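First the structure, in the form of C-alpha cells, and then the observations on it.
Along the sequence shown, residues are numbered consecutively beginning with 1. Here the structure is a predicted model, which means the values were calculated and not measured. Every heavy atom of this structure was used, including side-chain atoms; hydrogens, water molecules and symmetry mates were not.
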Amino acid sequence: MRALYWNGVNDLRVGSVKDPEIVNPRDAILKIRLSTTCGSDLHFIDGYIPTMKAGDVIGHEFMGEVVEVGPEVKQVKKGDRVVVPSFIACGQCWYCQQKLFSLCDCTHPKPELQEPLLGYPTAGIYGYTHAFGGYAGSHAEYIRVPHVDVDCFKVPDGVADETALFLSDAAPTGYMGADFCGIQPGDTVAVWGCGGVGLMAQQSARLMGAERVIAIDRFPERLRMAREHAGSETIDYTQAHSVLEALKEMTGGRGPDACIDAVGMEAHGTGSQYAYDRVKQALRLETDRAQALREAVMACRKGGTLSVLGVYGLIDKFPMGVIMNKGMTVRTAQQHGQAYMDRLLAHAERGELNPAYLATHRFSLEDGPRGYDMFKHKTDGCVRAVFAP
C-alpha cells in the first residue's frame, strides 16, 4: 500500500509499505477514508521528540471503513464506517476502567522507552514515535486497529466523513480541555491557540456553559474562525501591548476563571523570554518554547484552573511558584477520546458541534509532504490539511 512516512528531521516521503495484517483476534483492518495533520506531529517532524525511525508511517487522526475483523471482534463488522480515537486502549486495565484511556497499562509494547522519563508508560498511539509504542500511523491506505470493540465507534448516517474525522483527536482533546475547567454558569474561559484543538476547546467551553470565551492567537483568519464558530472574543497578541493586561482589562481586573493552553512546545510569541526560548531550543538545551503556557499561568485568576492540552517535554523557567501562590488547579492529559466519543457523536448528530470547517485544505495522500509543509507554515490560511487516499 501507499503511505506517508518519516525519513528524517523535516523529511517526509510517500512510498510503498507493507500492508497491515490482523495480529490479534480483537484487531480490525480499516480502509482509511480521511486522515489529517495535527500540530503535535510537528514536534517529531522538527526533531524535538526522538525515537522516530526512517520508514515510520505517521498520522493519528483518522476515520475509515472496516474491511476485515478478527474472530473475537463483536461491536463492528465489515463495511461499518467508524472513527477511532488516537490513543489505543484495552478497555480492561485499571486505568481504562477509570476512563483514563490515554493512560492504558496494556497497549504500549515498548515501555522501557518511556519509563526513564515518565516513571510509567502511557497508552500507545498511532504513528507517533517509538516512545509512544511505534504503531503504524493513519496517513496510509489501510491501518490495523487493535482492541476494536473499545477503540472503534460507528459514525451515524447523518454525520459526514469530515465531521467524523475531527472527532478522532481535535474535538475530544478540546472537549476534554473544557471539561477539565469545571465550567460554571457565568465563567470566563481564555484559550491560547486557534488551531484545531483550540477552536474545539472554545466551542466545547460554550457547550458546557461558559458565558465568555476569549481566544488568543496571531493569525487573522484563525481569530476570525474563533469569532464566527465559537462566538469568542479575540486577542491578537502581536497587536496587544500585553496579553496579561488585555485579559485583566476584559475581566474587570480579576482574570479568566480558567485558562486552556492549546499550543504546546513550539509556541510563538514576543519579547525577551520568547527570544531566550528560541535560542535554547535551537541549541537543544530545552525542548519547549513555553510562551503560551507561562502566559496562561500568569493570566489565570487566583484560585482558577489551568487546563494544559499542548504537548510538552522539558521546560526551562516554569513558574511553579505562581501556581502555588495563586492556589491554582492544574489539569492535563493526552486525550481520553473513548470517554467522550458518545457525547461528541451526539453533539455532531444534533448539529451542535460540526468541526468540518477545520478542513481548510484537502490533498491526495501522494501530496502528503506538501500538505504538511503548508500546515506547518500556515500558508494560504491552512488550519488543517486533510488527506484522502
Side-chain angles (χ1 to χ4, degrees), residues 20-36 38 40 57-111 121-129 132-156 159 161 163-176 333-346 348 355:
E21 298 176 348
I22 297 287
V23 175
N24 183 288
R26 293 178 294 278
D27 289 352
I29 305 298
L30 266 59
K31 177 178 174 61
I32 300 294
R33 290 170 70 109
L34 294 175
S35 64
T36 186
C38 178
S40 59
V57 178
I58 68 171
H60 60 264
E61 192 162 0
F62 63 101
M63 57 83 59
E65 179 182 329
V66 177
V67 295
E68 185 180 355
V69 296
E72 294 183 15
V73 172
K74 299 176 181 178
Q75 300 299 320
V76 300
K77 63 183 184 304
K78 185 176 178 179
D80 283 346
R81 191 169 58 111
V82 297
V83 59
V84 182
S86 56
F87 272 83
I88 305 165
C90 74
Q92 300 298 316
C93 71
W94 186 87
Y95 289 97
C96 288
Q97 292 298 303
Q98 305 305 310
K99 299 189 182 301
L100 302 172
F101 293 101
S102 69
L103 304 179
C104 175
D105 252 345
C106 300
T107 59
H108 197 312
K110 304 174 183 181
T122 67
I125 182 175
Y126 302 97
Y128 202 85
T129 80
F132 283 87
Y135 287 89
S138 59
H139 296 325
E141 293 180 277
Y142 298 92
I143 190 170
R144 169 184 166 249
V145 176
H147 301 287
V148 175
D149 288 339
V150 178
D151 295 341
C152 274
F153 293 80
K154 295 179 186 177
V155 178
V159 177
D161 282 4
T163 299
L165 169 63
F166 295 104
L167 303 187
S168 170
D169 191 282
T173 303
Y175 199 87
M176 179 187 73
Q334 297 276 15
Q335 62 115 340
H336 305 305
Q338 292 85 343
Y340 296 104
M341 191 61 72
D342 288 341
R343 274 181 274 176
L344 289 168
L345 286 167

Looking at residues at least two apart in the chain, or sitting in another chain, which of them share a side chain to side chain donor-acceptor pair (under 3.5 Å) with [X]?
{"X": "Thr107", "result": "none"}
{"X": "Lys154", "result": "none"}
{"X": "Thr129", "result": "none"}
{"X": "Tyr340", "result": "Asp179"}

**OP:** For Lys31, enumerate each residue passing the salt bridge (charged side-chain N to carboxylate O under 4.0 Å, His left out) test, keeping only those at least two apart in sequence or located in another chain.
**Re:** none

Original post:
Can you list the residues that meet the salt bridge (charged side-chain N to carboxylate O under 4.0 Å, His left out) rule with Glu72, with sequence neighbours excluded?
Top reply: Arg26

Original post:
Residues in ring-ring contact (aromatic ring centres under 6.0 Å, His included) with His60, at least two apart?
Top reply: Tyr128

Subject >> Heavy-atom closest contact (Val76 atom, Val69 atom, distance) >> reply: O-CG1, 4.2 Å

Subject >> All pairs passing salt bridge (charged side-chain N to carboxylate O under 4.0 Å, His left out) where residues 81-90 contributes a residue, at least two apart >> reply: Arg81-Asp161

**OP:** Supply the atom-to-atom distance His108 NE2 to Phe87 CZ, rounded to the nearest 0.5 angstrom.
**Re:** 9.0 Å

**OP:** First locate atom CD1 of Ile58, then atom NE2 of His139, and finally report the distance between them rounded to the nearest 0.5 Å.
**Re:** 5.0 Å

Original post:
Is any side-chain heavy atom of Tyr126 less than 4.5 Å from a side-chain heavy atom of Val57?
Top reply: no

Residues 93-105 side chain polar contacts: donor-acceptor under 3.5 Å, at least two apart:
unit_1, atom_1, unit_2, atom_2, d
Gln97, NE2, Gly91, O, 2.8
Ser102, OG, Gln334, O, 2.9
Ser102, OG, His336, ND1, 3.1

**OP:** Could you tell me which residues satisfy side-chain contact (heavy atoms from CB on, under 4.5 Å) with Pro156, sequence neighbours excluded, listed by chain and number?
**Re:** Val159, Leu345, Glu349

Can I get a per-line list of side-chain donor-acceptor pairs under 3.5 Å for residues 140-152, giving both atom names and the distance, sequence neighbours left out?
unit_1, atom_1, unit_2, atom_2, d
Glu141, OE1, Arg2, N, 2.6
Arg144, NE, Asp27, OD2, 2.7
Arg144, NH2, Asp27, OD2, 3.4
Asp149, OD1, Lys74, N, 3.1
Asp149, OD1, Gln75, N, 2.7
Asp149, OD2, Lys74, N, 3.0
Asp151, OD1, Ala89, N, 3.4
Asp151, OD1, Gln338, NE2, 2.8
Asp151, OD2, Ala89, N, 3.1

For residues 166-174, which side-chain N or O atoms pair as donor and acceptor with protein atoms under 3.5 Å away, sequence neighbours left out?
unit_1, atom_1, unit_2, atom_2, d
Ser168, OG, Phe62, N, 3.2
Ser168, OG, Val84, O, 2.6
Asp169, OD1, Thr173, OG1, 3.4
Asp169, OD2, Ser86, OG, 2.6
Asp169, OD2, Gln335, NE2, 3.4
Thr173, OG1, Asp169, O, 2.7

